[in-house]
> 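Shown below is the structure under consideration.
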Amino acid sequence: MTQQQLKPARIDWLTIMLYIVFVIGGLLCIYASVYKETNPYIYDMNMNYGKQLLWIVISAFIAMLILLVDEKLFYAFAYGFYGLTIILLLATFVIGTEIKGSSSWIRVGSFQIQPAEFAKFGVALALAKYLSGYNIDFKNWKVKAISFLIILLPMAIILLQNETGSALVFASFAIVLYREGLPGWLLVIGVLLIVLTIVALLLKPLYIIISLIVIASAFLFLVRRTQLLIFLTFGIVLFSSAYVSSIDYIFENVMQAHQRTRINVLLGKEVDLKGAGYNVQQSLIAIGSGGAFGKGYLEGTQNKFRFVPEQSTDFIFCTIGEEFGFLGSFIFITLYIVLLWRLTIMAERQRSKFNRIYGYSLVAILFFHFLINIGMTLGLMPVIGIPLPFISYGGSALLSFTILLFIFIRLDANRVNELKNFE
Amino acid sequence: MESQIKQRILIGVFIFIAFIYVIRLLMLQIFDDSYIRYAQNNVLQEQTIYPARGLLMDRTNDLLVYNDNIYDLFVTPEQVKNLDTNSFCDVIGITKDEFIARFERIKRQKGYAIYRPSIFEKQLTIKTYAKFQEMLFDFQGFYVDVRTDRKYKYSNAAHIMGYIGEVTEKMIENSDGYYRLGDFIGISGVERTYEKELGGIKGVRYVLVDSKSRSQGRYKSGEFDTAAVAGKKINLTIDQKLQEFGETLMKNKIGSVVAIEPNTGEILSMISSPTYDPNLFVGRERGNHYMELLQDPTKPLFNRPIAAPYPPGSIFKVIMSLIGQQEKVLFPTTAYGCGGGFNYGGLHVGCHPHGSPLPLQSAIMVSCNAYFCHVYRTVVNNPKYRKVEDAYNKLYEHLASFGMGRKLGVDLYSEGTGFVPKATYYDKIYGRNRWQALTTISLGIGQGELGITPLQMANATALIANRGYFITPHIVKKIEGKKNPNPEYNIKHWCTVDTSYFPVVINGMEDVVNHGTAYIAKIPGIAICGKTGTAQNPHGKDHSIFFAFAPKDNPKIAIAVVVENAGFGATWAAPIASLMIEEYLTKKHNTRPALVERMINGNLIRKSIINDSATIKTSKN
């Protein structure tokens, strides 16, 4: 048995730099979005930016703490963390405070904590630990089932709390599963189903079915027909037709009027500037009015004067778009993609499966938030209330993303000393 | 190997999504500038600053019209919170049902929005306003906007000053969007003609507002704001004292007075009787008062001096004397006999007894009908012209040069043309070449189809006073900051009769007052030249008419008075004219108290007018 020489930890400074840029930039955006000449001090605890500053200090402290502890701790207590977050989630039903129609908050002093935010890294740890376990093969259906269960349990609880947005984030773990062996075609089918759903909502089912038959006939006419291919095509058309019809049925007969309106507005079938479409319209106005170079810091009017709803939380990107224009937005998106890219590379270079799965979980969560949040402000995605990581106002979110990220930085820093365990 | 592909696919997806978002941003921020406009619409609120309307003063700088604050109550429905409806209704003075109905009405209005102020109650009284201000804090969502409305110092000259009212949709369209719903605009009188000067220019203040329409300060420190320009001060040509005195004399009479300064054309006084108090058109009862006046059978809203045509009666003889001379068919020495009237080829026009035969000057003095029938006959049947029609047309031309049968161009709205028949008019009645002087003889003594407005009468008097020219009568003397505001009111309009023909006629008019039909108008020490008229009309008793100027040399005032259905010119019109001349020239009106008394107390409004309309009203029920 050879005594292994421990190498000093190597922290990925690029990631930390990006983190600092985002957090500080986020604070400045929050400041701008609710700026009032009567409360100009950024440390004013009555204002969102004052609170956010405090949360940044707390996050920095926790981040340092994470960098100092032994990384084995996370592996050891992975299930413990998971269990804790589940308990916290359940606790909200008992001691939760209702805020804006959602009962997902626990009040601590003058701050509120949203356990749903912390559930993400609980799942990330638990999933990583489970899948990196001895003799675990993702090809096994039982393994698949347990993996799904780990993800679906907190998701279900959060859905019950009426936090659809936060719950949907857990869908991002599909990316992790894909990396770990979930066949790509399953994901493709998933995406195709979403596309088909949208088309079904946009057009009458009859038109879609006719188009499908025409396309299928043309396809069969052009290729060399085998019996299998004919059956397969026939099956797909049959399934799609049934699916489209049932979507249409659900939309017309099961959904409530306000839900239908929301979907119609989202799809552009309906313009309702004072109702459901108001948020998106104001968001587009704020961003669109920024022009190429923006109106200048603190010079924006749409956010400051509260035309944009939730301007410091879910619609924080509007402030970037309005005050820094296309240039600022482009730089922001680029930096975000650099971070995702960097984290993907980091995840891939891990020797330990645990580290890699955890890394991909982080990437998946950050990507999903980016996809939905920015897409929402640009009117390309449904209005789902989830924050923009590191930027949006919100202590729970900032703290949970900080913990998520820094655990991975900690894991990565010590990767050279990790055994390629269980591989 | 497989993991590497998956990693690449994932990064590819990230970049693909980022690419789509960047394209979307390009479209929103670079290629579509409509969002900049939307953003401005969101935050920029254009506030109108209403200028004070110009003041009106008389020729002696006596203030006639000024501005008074009025208080309109607005509501922003979205901001109404915790309203104590009972105490609110108490303060405003409405019932709860009315309160609810009011809100329903506001909701149905065009352009209604829950976040935008709508007018709730127009023109609160000062008392209500004061009470409301005290409780403003309890009535969230309501606020009072202060505007100005007209206030009239005197209850006179309503027809001259006119009134203002809210703009109509059509006016808004015609104004290229300058006027907005609820703005005030001059509807009649000087307020209308001089709307541009009096109205001033509205100012604009751009204010930034937040999503709840709360003010967030000036836009770009007021760089694009414009100040309101106050309306200009206007001096009218009228003399308030004369106007007031004249209106007192004309009380309970239907008719008109127009007094003009001959050498300037300035209207010193213009009375339309019955009149009304201009303050009736101020405040929230404006509409009700308007309807009342509109239904009054004596038509107080009708601006008689400039719009009502009357047969001029005998005062027309003066005009015919001038035209006859110019046409060389009449000379100062021409004399016609009068045996109780005009008898010619079976035609008879009656006359009152007087000496006969008389020369021109005396004929004017006694107002001999026969004499002027002959004058008319010689003018129209003048052999100088090939046809009667040509001679008549010449007469028409002369009358037009005196300002008859056409608009003079006074700076007041709703001026009438009066009526002088054209040759074609008689062609229609009698057939072409089937009529001549005798057919239309009543024209010679100012009767028949002739219609002359009091303004035209006064203008003709001014022309005689000026010995041959008039300056278009006008009502505005001075506009603040404007030299020579109306150059067309400096032009002398010479008539077609030479100056040399005037003295004999003027001497005749002097005789009329000194020892003729209008002896009652004589004022010791003032040489008044005048002529009475008693105009038959199909509406009842004769109209009492008088026109005069004074003094004879260098005249200062020319006046025409018409009192409808009052009988002889000498009974009512001449004394009123005389008293007004005295008032204007000597500033005295108490030298003949008995006469003043009789004029003021004379109630000449035919009872039948009121009875007639009363029966109409009852029969409708």
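Basis for what follows: all heavy atoms, side chains included, without hydrogens, waters or symmetry-related copies. Every chain is numbered from 1 and lettered A, B, ... according to where its sequence line falls, protein lines coming before strand lines.
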> Are more than 12 heavy atoms from other residues, nucleotides or ligands located less than 6.0 Å from atom OH of B:Y38?
no

> Within a radius of less than 6.0 Å around CZ of B:R8, do more than 12 heavy atoms belonging to other residues, nucleotides or ligands occur?
no

> Measure A:I287 against the heavy atoms of chain B and call it side chain, backbone, both or neither at under 4.5 Å.
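Contact with chain B involves both backbone and side-chain atoms of A:I287.
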
> If you count the non-hydrogen atoms of other residues, nucleotides and ligands that lie under 6.0 Å from CZ in A:F138, is the total more than 12?
yes

> Top residue by heavy-atom pair count (under 4.5 Å) with chain B, among A:L371, A:I374, A:T301?
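Of the options given, most contacts go to A:L371.
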
> Contact part of A:F317 toward chain B, heavy-atom cut-off under 4.5 Å: side chain, backbone, both or neither?
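Just the side chain, heavy atoms under 4.5 Å.
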
> To the nearest 0.5 Å, what is the distance between OH (B:Y21) and CD1 (A:I333)?
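Answer rounded to 0.5 Å: 8.5 Å.
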
> Is chain A contacted by the side chain of B:I9, its backbone, both, or neither, given a heavy-atom distance below 4.5 Å?
side chain

> Rounded to the nearest 0.5 Å, what separation is found between the OG atom of A:S289 and the CZ atom of B:R37?
12.5 Å

> Please flag which part of A:F367 lies under 4.5 Å from any non-hydrogen atom of chain B: side chain, backbone, both or neither.
side chain

> Heavy-atom cut-off 4.5 Å, strictly under: side chain, backbone, both or neither for A:Y178 against chain B?
both

> Does atom NZ of B:K122 have more than 12 heavy-atom neighbours, drawn from other residues, nucleotides or ligands, at distances under 6.0 Å?
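No - once you tally the heavy atoms of other residues, nucleotides and ligands closer than 6.0 Å, there are 12 at most.
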
> Taking it one step at a time, do A:F330 and B:L25 satisfy side-chain contact (heavy atoms from CB on, under 4.5 Å)?
CA-CA 8 Å; A:F330 180 77; B:L25 281 166; 6.0 Å; no

> Within a reach of under 6.0 Å around OH of B:Y178, are more than 12 heavy atoms found that belong to other residues, nucleotides or ligands?
yes

> Distance check, rounded to the nearest 0.5 Å: B:I30 atom CD1 versus A:L327 atom CG?
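One finds 9.0 Å between CD1 of B:I30 and CG of A:L327.
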
> How close do A:K295 and B:A39 get, heavy atom to heavy atom, and via which atoms?
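Looking at all heavy atoms of both residues, the shortest contact is NZ-CB, 4.2 Å.
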
> Please round to the nearest 0.5 Å and tell me the distance separating atom NZ of B:K6 and atom CD of A:E348.
10.5 Å

> When rounded to the nearest 0.5 angstrom, what is the spacing between CE in B:M27 and CZ in A:F326?
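Here the interatomic distance stands at 12.0 Å.
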
> Select one option (side chain, backbone, both, neither) describing which atoms of A:I337 are under 4.5 Å from chain B's heavy atoms.
side chain

> If every non-hydrogen atom of B:L10 is compared with every non-hydrogen atom of A:Y360, which pair is closest and at what distance?
CD1-CE2, 3.5 Å

> For atom CD of B:E169, is the number of surrounding heavy atoms from other residues, nucleotides or ligands below 6.0 Å larger than 12?
no

> Once you round to the nearest 0.5 Å, how far does CZ of B:R24 lie from CG of A:L284?
5.5 Å

